[in-house]
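In the text below, chain A, chain B and the rest are named by the order of the sequence lines, each starting its count at 1.
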Amino acid sequence: MALLQPKTLKPMSTSEAIAYAVKQANVDVIAAYPITPQTIIVERLSEYVNNGELDAEYVAVESEHSAMSACVAASLTGARVFTSTASQGLALMHEVLYLASGLRCPIVMAIANRALSAPINIHCDHSDVMGSRDAGWIHIFAENGQQAYDRIFQAFRLAEDEDILLPVGVNIDGFFLSHAVEGIATMSDSEAAMFLPPRKAKYYLDSSMPMTFGAFALPDWYFEIKHQVAEVMERVPKKLAEVEELYYKMTGRIYGHVGAYRTEDAEVCLICAGSAAITAKSAVANLRSKGIKAGLLSIRLFRPFPVDSIIPHVKDAKALIVMDRAMSPGAPSAPIAQDMKAALYDSGLNIPVANFVYGLGGRDISVVDFENIVMKVMEDLKAGRPIGRGVRYWGLRK
Amino acid sequence: MLVGEVKSLKEIYGSDLIAPGHRACAGCGALVAVRQILMASRRPLIVVSATSCLEVTSTPYPQTMWKVPWVHLLFENAATAASGIEAALKVLSKKYGRQEHYIIAFGGDGGTFDIGIQALSGALERGHRFLYVCYDNEAYMNTGIQRSGATPLGAATTTSPVGAKIVGKTQQKKDLMEIVVAHRVPYAATASPSHWKDLMNKVRKAQSYDGPTFIHVIAPCTRGWYFDPSDTIKMARLAVETRYWPLYEVENGRYRITHPVPNPKPLEEFLKVQKRLNHLLLPENAEILERLKAYVNKRWERLERLSACFA
């Protein structure tokens with residue numbers, strides 16, 4: 001992989017990097033409603049449109065429900081469509097999310113993950129995306145601004161593929177990523193256009209071939225139509241790998257469905273999603289220097305849950321620590337741990353899973369926290385204490 | 001070209017845009033109105049429907065009655081869907097030479113007066129070029145005749161029944177036209193399928209404007225109003241002739257009654273032929289009847305005064 005020269009990097013916040021990618025993706029329609037912490041994305045896009053740098057229609061709708069509604073309609077008209085939201089906005093979109101997948105609209109949406117009311121809180125956690133994880137959207141988590149920038153192009157390419165035609169959510173941690181500035185390697189406009197030519201929709205609203213979209217289906221058809229979304233999800237991992245391979249050839253950057261760090265001989269493997277993966281990586285490096293065999297697996301593709309990509313990295317571990325930035329009150333595990341446990345069970349693996357919920361409402365988690373979590377689980381293991389039942393809450397005041 | 005004024009049936013013959021065999025009830029006022037509106041419409045055309053009787057009776061998958069491109073998203077977002085289509089066509093025609101289309105969005109009274117009013121208001125404020133049609137049968141007929149913001153005072157529905165203590169709906173109908181007009185849209189009008197020429201010319205006038213326009217059409221419902229399916233147009237006409245449903249338009253803020261009713265029939269004529277309202281004729285409900293009559297008269301007088309202002 002070619003090393004990036006600092007002079008080729010542009011300092012940008014992740015939000016700005018996403019907006020820049022959306023501009024280079026030459027989108028046709030953006031419909032959005034402002035909500036913290038995603039606002040910078042749509043502010044920049046408004047500037048691009050109003051300055052004539054992006055030839056698109058910016059529809060400043062009156063709610064997130066309408067943002068997604070306008071996106072679905074524009075997408076069915078054949079346009080390349082983008083929006084962005086967070087938290088309550090995603091919750092308000094909830095019923096429209098199912099239309100985007102059920103009507104097979106290749107919309108790309110950036111989600112600046114944020115906590116849900118009540119109490120009201122504008123800071124990061126993953127409660128928003130977990131609340132809509134069953135809506136039939138492909139979901140990708142970015143760990144930093146560079147990944148977010150790159151994933152926008154990959155998301156459009158994946159979503160608009162005739163074999164897929166599903167909406168994609170690109171998740172970035174609110175504030176931790178949305179407002180963090182880093183050096184971003186960007187493609188030239190011509191490279192971007194080469195990777196992502198204009199959308200060519202096969203079926204769309206036009207009088208030259210009148211079609212009915214959004215018909216109602218009774219019990220004789222509904223099940224089959226919904227099942228198609230699940231079928232497509234099965235094709236996504238392979239298709240994303242192909243898209244990433246193409247992107248790699250142009251940029252030298254590739255991420256995969258999961259990010260693995262020193263998992264090959266890890267006794268205890270941390271599993272998390274989003275920006276915390278970067279923090280956890282430092283913790284693993286520190287633990288390794290102390291002779292502790294820790295590893296990290298970052299969930300980058302969350303829906304579909306990439307079981308086949310995950311299992312080879314964790315199958316030899318003695319214990320797994322799944323870190324969830326969202327709750328599922330009353331459930332036996334928090335969301336990612338639920339998926340992990342199901343994946344292990346299906347693979348015939350009986351590896352104990354310690355499930356920690358952390359960082360709700362933007363509460364910080366540090367390198368030392370991750371080190372302490374690993375140490376605590378290892379102590380429990382050594383003492384023969386069970387680690388794998390229920391949910392533990394890290395950083396919660398007593 | 002479908003642009004001039006409609007003068008005779010001959011002009012619109014053969015321009016039907018809905019196929020026979022839809023599943024609406026016999027005598028459905030909404031389907032008659034929709035058929036007339038589509039016949040009058042300029043082409044090419046994209047149609048949007050909110051969740052409603054119109055949507056479920058016209059598109060039982062894998063069948064459709066629509067000969068035009070058609071889309072349904074949800075109950076409350078027909079106006080937003082129209083916004084999205086208009087925005088997409090605007091940019092796609094500029095960038096890639098796509099053909100521009102006229103857009104008509106249909107919503108029932110529930111999807112327009114109530115759950116969809118935010119989306120409608122947003123779309124009107126943003127100024128998208130499309131015609132929004134509210135077909136008004138004055139209740140949530142698709143769900144089983146529950147009261148809506150469009151249900152008139154005293155009307156019996158399944159959620160405003162005639163009880164021993166409370167008789168029908170206790171509130172007056174929301175004045176949707178005034179809400180729309182307050183958005184300063186270039187054109188808004190009421191219509192009735194009984195006055196088809198008036199309706200069709202309002203459609204054409206609406207579509208001549210480069211902005212959001214609105215038509216509020218009465219759609220008698222045989223199931224919810226309880227009348228014989230052969231009487232749909234009679235019901236619509238009675239509504240006009242009793243001044244219950246004034247036919248007027250507001251063009252760039254100028255009010256005009258398009259069908260004056262100098263000698264109105266008594267409101268009772270309209271009420272007595274429908275089970276949802278005929279209990280208002282009982283002596284014990286006289287007070288409710290008076291309030292309903294006052295509402296109808298006051299609105300008519302106001303419309304006359306406004307029309308006179310702009311004459």
Enquirer: Which atoms form the tightest heavy-atom contact between A:Leu76 and B:Leu73, and what is the distance?
Expert: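 Smallest interatomic distance, heavy atoms only, reads CD1-CD2, 4.1 Å.
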Enquirer: Starting at NZ of B:Lys95, measure out to CZ of A:Arg80 and round the result to the nearest 0.5 Å.
Expert: 8.0 Å
Enquirer: Top residue by heavy-atom pair count (under 4.5 Å) with chain A, among B:Ala119, B:Ala79, B:Ser49, B:Ala82?
Expert: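 Heavy-atom pairs under 4.5 Å are most numerous for B:Ala119.
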Enquirer: Please output the residues of residues 29-56 of chain A in contact with chain B, using a heavy-atom cutoff of under 4.5 Å, in numerical order.
Expert: A:Val29, A:Asp55, A:Ala56
Enquirer: So how far is it from B:Tyr61 OH to A:Thr212 OG1, rounded to the nearest 0.5 Å?
Expert: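 It comes to 11.0 Å.
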Enquirer: State, to 0.1 Å, how close B:Tyr96 and A:Pro198 come at their nearest heavy-atom pair, and which atoms those are.
Expert: OH-CB, 3.5 Å
Enquirer: Are more than 12 heavy atoms, taken from residues, nucleotides or ligands other than B:Arg223, located less than 6.0 Å from that residue's CZ atom?
Expert: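 No, the 6.0 Å shell around CZ holds no more than 12 heavy atoms from other groups.
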Enquirer: Considering non-hydrogen atoms only, spot the tightest contact between A:Phe216 and B:Pro60 and give its length.
Expert: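 Looking at all heavy atoms of both residues, the closest pair is CE2-CA, 3.3 Å.
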Enquirer: Between B:Gly84, B:Pro44, B:Ala123, B:Pro69, which shows the greatest number of heavy-atom pairs under 4.5 Å with chain A?
Expert: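 The answer is B:Pro69.
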Enquirer: Take B:Thr80 and A:Ser69, measure what side chain to side chain donor-acceptor pair (under 3.5 Å) needs, and give me the verdict at the end.
Expert: CA-CA 6 Å; B:Thr80 319; A:Ser69 301; 5.1 Å; no
Enquirer: Can you tell me if CZ on B:Arg129 sees more than 12 non-hydrogen neighbours from other groups inside 6.0 Å?
Expert: yes
Enquirer: Where does B:Glu76 contact chain A at under 4.5 Å (heavy atoms): side chain, backbone, both or neither?
Expert: side chain
Enquirer: In terms of heavy-atom proximity below 4.5 Å to chain A, should B:Val56 be classed as side chain, backbone, both, or neither?
Expert: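 Contact with chain A: backbone and side chain both.
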Enquirer: Return the option, out of A:Gly102, A:Gly78, A:Ala79, A:Ser66, with the maximum number of heavy-atom pairs under 4.5 Å with chain B.
Expert: A:Ser66
Enquirer: Could you check whether any side-chain N or O of B:His101 sits under 3.5 Å from a backbone N or O of A:Ser207, counting only pairs where one atom can act as donor and the other as acceptor?
Expert: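 Side chain of B:His101 to backbone of A:Ser207, a donor-acceptor pair under 3.5 Å: yes, one is there.
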Enquirer: Do B:Arg98 and A:Thr77 come close enough that some side-chain heavy atom pair is under 4.5 Å?
Expert: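 Touching, per the 4.5 Å side-chain cut-off.
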Enquirer: Can you tell which part of A:Tyr222 gets under 4.5 Å to a heavy atom of chain B, answering side chain, backbone, both or neither?
Expert: neither
Enquirer: Show the nearest heavy-atom pair for residues B:Val91 and A:Asp28, with the distance to one decimal.
Expert: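 Scanning both residues completely, I find the closest heavy atoms to be CG1-O, 3.4 Å.
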Enquirer: Tell me, do B:Gln118 and A:Glu62 make a side-chain contact under 4.5 Å, heavy atoms counted?
Expert: yes
Enquirer: What closest approach, in Å, do A:Ala215 and B:Trp70 show between heavy atoms, and which atom pair accounts for it?
Expert: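 Reported closest heavy-atom pair: N-CZ3, 4.2 Å.
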Enquirer: Do A:His65 and B:Leu74 come within less than 4.5 Å of each other through their side chains, counting heavy atoms only?
Expert: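 Touching, per the 4.5 Å side-chain cut-off.
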Enquirer: So, does B:His72 use its side chain to make a donor-acceptor pair with the main chain of A:Gly214 at under 3.5 Å?
Expert: yes
Enquirer: Counting only heavy atoms closer than 4.5 Å, note whether B:Lys94 contacts chain A via side chain, backbone, both or neither.
Expert: side chain
Enquirer: Any chance you could measure A:Phe213, atom CZ, to B:Thr59, atom OG1, to the nearest 0.5 Å?
Expert: 13.0 Å
Enquirer: Looking at chain A, which one of B:Ile85, B:Leu89, B:Thr64 has the largest number of heavy-atom pairs inside 4.5 Å, strictly under?
Expert: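 The option with the most such pairs is B:Ile85.
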